[in-house]
Engineer: 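Handing you this structure, nothing more for now.
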2 protein chains.
Amino acid sequence: MAQITPQNGPADGAETDCRALGRVLERIGNKWTVMVVGVLSQGPMRFNAIMRTVDGVSHRMLTLTLRGLERDGLVTRTVYPTVPPKVEYALTETGQSLIVPLSALARWAEQNRPRITAAQAQYDAAQER
Amino acid sequence: MAQITPQNGPADGAETDCRALGRVLERIGNKWTVMVVGVLSQGPMRFNAIMRTVDGVSHRMLTLTLRGLERDGLVTRTVYPTVPPKVEYALTETGQSLIVPLSALARWAEQNRPRITAAQAQYDAAQER
DNA sequence: CAGGATCCAATAAGATACTG
DNA sequence: CAGTATCTTATTGGATCCTG
C-alpha cells in the first residue's frame with residue numbers, strides 16, 4: 001500500500017516526514033498562500049496587481065501572506081525607490097520548485113472533485129434522517 | 001517556467017484549478033488531517049489507536065477530523081456491534097490515491113526544510129535591527 | 001502605491017464532563 | 001471503547017483608517 005512515509009513500527013524515525021509536511025501545511029494551508037504562489041508562477045508582479053488578480057483577498061491578508069512567503073525564502077520583495085513606490089514580488093528558486101508538488105496536488109483535486117462532492121452529498125443526505 | 005496551471009491571460013479558465021486546490025487545502029490544511037491520513041496509510045486502525053499514534057491530538061479534534069474525512073469519502077468508518085464497541089477507520093480508494101501527491105509534497109518539505117529554516121533565521125535576524 | 005495599525009467577527013482548537 | 005456536549009481560549013481573517 002502506498003504510504004506517506006515507509007514505516008512499520010509506531011515509533012521509528014518516520015515522524016520527521018509528517019512533521020516537515022505539517023510545517024509546510026502551516027504555511028500553504030491558509031486561505032491565500034497557494035493563490036498567491038499560483039499567480040506569481042506566471043512571473044513577477046506588483047502588490048496591487050496581485051491583489052486585483054487573486055480576487056477576494058484583503059489588503060491586510062495579502063501583506064501578511066507575502067511577508068510569510070518572503071520570510072520562508074519562497075518569494076523576493078524588490079523595492080524600486082521611485083515615487084510613487086513600486087514593489088515587485090517574485091518567486092525564488094525554492095518557491096518555483098514548490099509549484100511541482102503543488103500542481104500534482106491540484107491535479108488530484110480536479111480529478112477527485114466529482115467523487116468528493118458526491119460523497120459529501122450522500123453523507124449529508126444520510127445525516128438528515 | 002513551471003506553473004500551477006498553464007495559463008497566459010489573467011481571466012481564463014485556469015481559476016478552476018486554484019479553486020479545486022483551495023477546497024482540498026481547506027480539508028487537509030488543518031492541524032490534524034494529514035497526520036491521520038498518514039497513520040491510516042499503514043492500514044485500518046481503531047479510534048484510540050489513532051489517538052495514541054498521532055500524539056497531541058485531542059479526543060474532540062480527532063472525532064471532527066475523522067468525520068470530515070468520512071464526509072469527503074476519504075475514510076470509511078466500520079462499527080462492529082460488539083461490547084465494548086469496536087470502530088475501525090480505513091482509507092478508501094480515493095483516500096489512498098491522495099497519498100501519492102501528499103507524499104510528493106512531504107518529500108519537497110523534507111528536502112527544502114534546511115533552506116526554509118535558514119531563510120527564516122536570516123529574515124528574523126534582519127528584522128531586529 | 002504600498003503597507004502599518006487598530007478593532008472586530010468568525011473559526012479552529014483545547015479541556016473537561018457526561019453517555020450508550 | 002467511542003463517542004457527544006459544553007465551555008473557553010487561540011488563531012485567522014476582514015474592515016477601516018492612517019502614513020511615507
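These values consider heavy atoms only, across backbone and side chains, with no hydrogens, waters or symmetry-generated copies. Labels below follow one simple rule: chain letters A, B, ... track the order of the sequence lines, proteins then strands, and each chain is numbered from 1. None of the values given here were measured: they were computed from a predicted structure.
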Engineer: Ignoring backbone atoms, test whether B:R46 places a side-chain nitrogen or oxygen under 4.0 Å from the OP1 or OP2 oxygen of D:dA2.
Structural biologist: yes
Engineer: If you check the A:F47 side chain, which of D:dA2, D:dG13, C:dG3 turns out closest?
Structural biologist: C:dG3
Engineer: Measure CD1/B:I50 against P/D:dC1 and give the value in whole Å, please.
Structural biologist: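 Computing the B:I50:CD1 to D:dC1:P distance gives 14 Å.
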Engineer: In this structure, how many angstroms lie between the P atom of D:dA2 and the CD atom of B:E70, rounded?
Structural biologist: 14 Å
Engineer: Are the side chains of A:V37 and A:L74 in touch, meaning some heavy atoms are under 4.5 Å apart?
Structural biologist: no
Engineer: Report the end-to-end axis angle of the helix from C:dC1-D:dG20 to C:dG20-D:dC1; each axis comes from five terminal pairs, and the value is rounded to 10°.
Structural biologist: 40°
Engineer: Taking the nucleotide of DNA chain C with the closest heavy atom to each, which residue, A:N48 or B:P85, is nearer the 5' end?
Structural biologist: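 On the 5' side of the pair lies A:N48.
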Engineer: Look at B:Y89 and D:dG3 and indicate whether a side-chain polar atom (N or O) is within less than 4.0 Å of OP1 or OP2.
Structural biologist: yes
Engineer: Is the shortest side-chain heavy-atom distance between A:L62 and A:V54 below 4.5 Å?
Structural biologist: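 No. Closest side-chain heavy atoms not under 4.5 Å.
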Engineer: Would you indicate whether the side-chain heavy atoms of A:E70 and A:T76 approach each other to under 4.5 Å?
Structural biologist: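 No - every pair of side-chain heavy atoms lies 4.5 Å or more apart.
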Engineer: Can you measure B:M45 atom CE to D:dC1 atom P for me and round it to whole angstrom units?
Structural biologist: 16 Å
Engineer: A side-chain contact here means heavy atoms from C-beta on lying under 4.5 Å apart; do B:R46 and B:V87 qualify?
Structural biologist: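 A side-chain contact under 4.5 Å is absent here.
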Engineer: Do B:T53 and B:M35 come within less than 4.5 Å of each other through their side chains, counting heavy atoms only?
Structural biologist: no
Engineer: Please report, rounded to the nearest Å, how far the P atom of C:dC1 is from the CD atom of A:E88.
Structural biologist: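 A:E88 atom CD is separated from C:dC1 atom P by 15 Å.
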Engineer: Separation of B:I28 atom CD1 from C:dA12 atom C1', in whole Å?
Structural biologist: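 Those two atoms, CD1 and C1', are 17 Å apart.
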Engineer: Closest approach of A:Q111 and A:P114, non-hydrogen atoms and distance?
Structural biologist: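 Distance-wise, the nearest heavy atoms are O-CD, 3.6 Å.
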Engineer: Please report, rounded to the nearest Å, how far the C1' atom of C:dT11 is from the NZ atom of B:K31.
Structural biologist: 14 Å
Engineer: Do A:T65 and A:K31 make a side-chain contact, defined as non-hydrogen atoms from C-beta onward lying under 4.5 Å apart?
Structural biologist: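 No. Closest side-chain heavy atoms not under 4.5 Å.
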Engineer: If I take atom CD in residue B:E26 and atom C1' in nucleotide C:dA12, what distance separates them, rounded to the nearest angstrom?
Structural biologist: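 Nearest whole value for this atom pair: 13 Å.
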Engineer: Can you tell me the distance, in whole Å, between the CH2 atom of B:W32 and the P atom of C:dT11?
Structural biologist: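 Taking CH2 of B:W32 and P of C:dT11, I get 22 Å after rounding.
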Engineer: Quick one, B:W108 and A:L98 - any side-chain contact, counting heavy atoms below 4.5 Å?
Structural biologist: yes
Engineer: Please lay out, stage by stage, how A:T63 and A:F47 fare under the test side chain to side chain contact (heavy atoms under 4.5 Å, CB included).
Structural biologist: CA-CA 9 Å; A:T63 300; A:F47 187 89; 3.6 Å; yes
Engineer: Got a sec? Which of residues 56-69 of chain B come in under 4.0 Å of DNA chain D, heavy atoms?
Structural biologist: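 Under 4.0 Å from DNA chain D: B:H59, B:R60, B:T63, B:R67.
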